[in-house]
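Right, one structure below, let's go through it.
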Amino acid sequence: MVINQIKLVYFSPTGTTRKVLESIAKGIAVEDVEHIDLTLPSGTQRKIPPFSDEVVIIGAPVYGGRLPADAISRFKQQKASNTLAVVIVVYGNREFEDALLELKNLSVGLGFCPIAGGAFIGEHSFATEDVPIANGRPDSLDVQKAIEFGAEIKEKITALQSADAEMDLEIPGRFPYESKMHSMVVSPVTKEEICTVCGTCASVCPTEAISINSNVTTKVELCIRCCACIKACPTGARIWENSKMKEIAAWLNENCKTRKEPRIFGIDV
Ligand SMILES: Cc1cc2nc3c(=O)[nH]c(=O)nc-3n(C[C@H](O)[C@H](O)[C@H](O)COP(=O)(O)O)c2cc1C
Ligand code: SF4
Ligand code: SF4
């Protein structure tokens with residue numbers, strides 16, 4: 001089969017998933033690459049036609065060993081018809097547990113035909129300069145692996161006769177899924193003394209939890225702890241004050257120091 005177009009479909013609050021998908025697309029080396037960014041509610045408002053004969057790379061971060069609920073609800077609005085897909089999760093150097101299996105199963109339910117998958121590592125959303133957890137990842141080595149993976153995907157697809165050729169992509173994970181994220185009603189806070197009320201935090205929030213008037217207010221119950229607002233704030237005014245969140249970050253910093261490497265599935269090595 002010939003690949004004419006690639007579509008990148010993703011939920012990526014802090015941008016690491018997006019970077020991995022772009023690198024894989026670079027390795028596939030097709031000119032026509034379209035982004036379908038479902039991170040913000042506005043991304044889901046435009047009408048997206050059902051996928052057909054393009055190759056779709058679907059990506060999401062791992063939250064609590066699973067897919068973020070908002071990624072699931074946004075992906076579920078998409079439809080495909082025997083469309084070749086590559087499923088990707090990006091995790092913060094702890095573990096990806098059931099997330100990639102969940103994404104594969106979800107993609108099949110939407111009409112995709114997943115032919116390869118990967119679990120890559122990204123800087124942990126909870127990481128800061130002072131409390132690093134996989135900081136700077138995906139780095140140049142990860143990007144190189146993603147590019148090589150893209151080239152291998154292209155080879156696999158080129159050798160295929162049709163998209164419905166029998167493919168059984170084996171992905172690690174447990175079904176029924178066993179991982180579960182502990183819900184916490186908490187959000188970052190704003191240090192008003194250094195906030196310039198520029199509005200960047202509100203513009204990157206995937207759940208529209210932040211509003212800007214004369215100052216910044218956050219609807220705590222809408223916060224999914226994605227940390228997009230913290231990483232995007234130009235003055236460092238968005239921070240975690242919550243002691244449990246600080247404890248979690250310190251635990252991850254202490255216990256997830258050993259570098260994990262990307263794992264790929266569906267490609268013979
Ligand atoms: C609420 C939440 C839960 C997370 N759970 C996990 C996890 O279970 N395992 C892990 O290794 N990383 C976990 N992470 C880290 C993200 O998977 C990781 O930082 C990812 O690169 C973020 O992707 P993005 O840049 O596309 O938003 C979690 C992040 C958040 C915000
Ligand atoms: S991005 Fe930072 S400086 Fe800008 S409004 Fe938000 S908290 Fe304030
Ligand atoms: S307020 Fe919560 S959901 Fe919104 S960007 Fe910040 S951490 Fe993410």
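Each ligand, and each atom within it, is numbered from 1 in the order the structure gives. Note that the structure is a prediction, hence the values are computed from the model and not measured.
Of all protein heavy atoms, the one lying nearest to atom 23 (O) of ligand 1 is T16 OG1, 3.0 Å. Ranking protein heavy atoms by distance to atom 3 (C) of ligand 1, first place goes to Y63 CA, 3.5 Å. Here the protein heavy atom with the shortest distance to atom 5 (N) of ligand 1 is G64 N, 2.8 Å. The protein heavy-atom contact nearest to atom 9 (N) of ligand 1 is E95 O, 3.0 Å. Atom 13 (C) of ligand 1 has as its closest protein heavy atom V62 O, 3.2 Å. For atom 10 (C) of ligand 1, the closest non-hydrogen atom on the protein side is G92 N, 3.3 Å. Of the protein's heavy atoms, M181 SD, 3.6 Å lies nearest to atom 1 (C) of ligand 1. Scanning the protein heavy atoms around atom 1 (S) of ligand 3, the nearest turns out to be R238 NH2, 3.6 Å. Counting protein heavy atoms only, atom 27 (O) of ligand 1 is closest to T14 N, 2.9 Å.
Checking C229, S125, A202 against atom 5 (S) of ligand 3, the nearest heavy atom belongs to C229. Scanning R225, R94, K260, E97 for the heavy atom closest to atom 31 (C) of ligand 1 points to R225. With atom 4 (Fe) of ligand 3 as the reference point, the heavy atom nearest to it among C205, P188, A228 is part of C205.
Of the heavy atoms in T190, only side-chain atoms (C-beta onward) come closer than 4.0 Å to ligand 2. When heavy-atom distances to ligand 1 are checked against a 4.0 Å cut-off, S12 comes that close through both its backbone and its side chain. By the criterion of a heavy-atom distance under 4.0 Å, the side chain of V216, and not its backbone, is placed next to ligand 2. The residue P13 has no part lying near ligand 3, judged by heavy-atom distances below 4.0 Å. Contacts with ligand 3 closer than 4.0 Å are made by heavy atoms of both the backbone and the side chain of C223. Of all the heavy atoms of I224, the ones lying under 4.0 Å from any atom of ligand 3 are found in both the backbone and the side chain. Heavy atoms of I121 found under 4.0 angstrom from ligand 1: none, in either backbone or side chain. Counting heavy atoms under 4.0 Å from ligand 1, residue F126 touches it through the side chain alone. For V204, no heavy-atom contact with ligand 3 is shorter than 4.0 Å.
Close approach of ligand 1 to N93 (heavy-atom distance below 4.0 Å) involves ligand atoms 11 (O). Those atoms of ligand 1 that come under 4.0 Å of a heavy atom in V90, given as number and element, are 17 (O), 20 (C), 21 (O). Atoms of ligand 1 lying under 4.0 Å from at least one heavy atom of E123, given by number and element, are 18 (C), 19 (O), 21 (O). Near T235, meaning under 4.0 Å from any of its heavy atoms, are these atoms of ligand 2: 3 (S). Which parts of ligand 1 touch S125 is read off a 4.0 Å heavy-atom cut-off, strictly below it: atoms 15 (C), 16 (C), 18 (C), 19 (O), 22 (C), 29 (C), 30 (C), 31 (C).
For the salt bridge (charged side-chain N to carboxylate O under 4.0 Å, His left out) with D98, the qualifying choice from R174, K180, K104, R66 is R174, the only one to do so.
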Start with the C-alpha distance between R74 and T39, add both sets of side-chain angles, then the distance that settles side-chain hydrogen bond (donor to acceptor under 3.5 Å, both in side chains), and finish with yes or no.
CA-CA 8 Å; R74 288 165 205 198; T39 311; over 6 Å; no

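Proximity of Y10 to ligand 1 is not established, as no heavy-atom distance is less than 4.0 Å. Put simply, no part of R66 is less than 4.0 Å from ligand 1, judged by heavy atoms. Heavy atoms of A232 stay at 4.0 angstrom or farther from ligand 2. Using a non-hydrogen distance threshold of 4.0 Å, P13 registers as a contact of ligand 1. Heavy-atom distances between E208 and ligand 3 stay at or above 4.0 Å for every pair.
Checking C233 against atom 4 (Fe) of ligand 2, every N/O/S atom stays at or beyond the 2.8 Å cut-off. Using a cut-off of 2.8 Å, one finds that C198 contributes no N/O/S atom close to atom 8 (Fe) of ligand 2.
Between F126 and H124, the ring-plane angle classifies as tilted under the 30° and 60° cut-offs.
Side-chain atoms of E178 and E97, non-hydrogen and from C-beta on, never get closer than 4.5 Å to each other. Using a 4.5 Å heavy-atom threshold, the side chains of L141 and K145 count as separate.
The backbone N or O of K7 lies less than 3.5 Å from no partner atom in the side chain of E54, so there is not a single donor-acceptor pair.
Of the charged side-chain nitrogens involved, none lies within less than 4.0 Å of a carboxylate oxygen, so that E22 and K26 do not count as a salt-bridged pair.
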